[in-house]
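Working notes, structure below.
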Amino acid sequence: MIECNVEVDASGLMCPLPLLRLKKALNGMSSGEIVKVIATDPAAHLDFGVYVDQAGHLLIDIVRHEHRQIFYVQKK
């Protein structure tokens, strides 16, 4: 299990809301901290991947369950 500093539950939200919740969480964090985002939008991995690459953050892991995805992102 990955230790995280912040957890965001974006369950039930459709894009772009999970991405906006991720951005808001990252804005309040320090460099090196990790945010865990729980999302049920099946396309969230596409938005998160593009955003993390463009912003320079690190996508540590994606854990996929039947109806949800859990993202671990480290702030640059």
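- If you chain together ILVMFWY residues whose side-chain heavy atoms come under 4.5 Å of each other, M29 ends up grouped with V6, V8, L19, L22, L26, V35, V37, F48, Y51, V52, L59, I62, F71, V73.
- Residues meeting the side-chain contact (heavy atoms from CB on, under 4.5 Å) test with Q74, sequence neighbours left out: I34, L58, I60.
- Within the structure, no pair that satisfies the salt bridge (Lys or Arg N to Asp or Glu O under 4.0 Å) test touches residues 66-75, not counting sequence neighbours.
- Among residue pairs with one or both ends in residues 4-23, those qualifying as salt bridge (Lys or Arg N to Asp or Glu O under 4.0 Å) are E7-K36; sequence neighbours excluded.
- Under the side-chain hydrogen bond (donor to acceptor under 3.5 Å, both in side chains) criterion, no residue pair touches residues 52-63, with sequence neighbours excluded.
- Under a 4.5 Å side-chain heavy-atom criterion applied to ILVMFWY residues, the cluster that includes L17 comprises L13, L20 as well.
- Residues passing the side-chain contact (heavy atoms from CB on, under 4.5 Å) test with H67: none are found, sequence neighbours excluded.
- Residue M14 comes nearest to P18 through the heavy atom pair O-CD, 3.3 Å, listed as atom of the first residue, atom of the second, then distance.
- With D41 contributing its side chain and C15 its backbone, the two residues share a donor-acceptor pair below 3.5 Å.
- Side-chain contacts under 4.5 Å among hydrophobic residues (ILVMFWY), followed directly or transitively, place V50 with no other residue at all.
- At least one donor-acceptor pair under 3.5 Å links the side chain of S31 to the backbone N or O of K76.
- The side-chain hydrogen bond (donor to acceptor under 3.5 Å, both in side chains) search around T40 returns none, not counting sequence neighbours.
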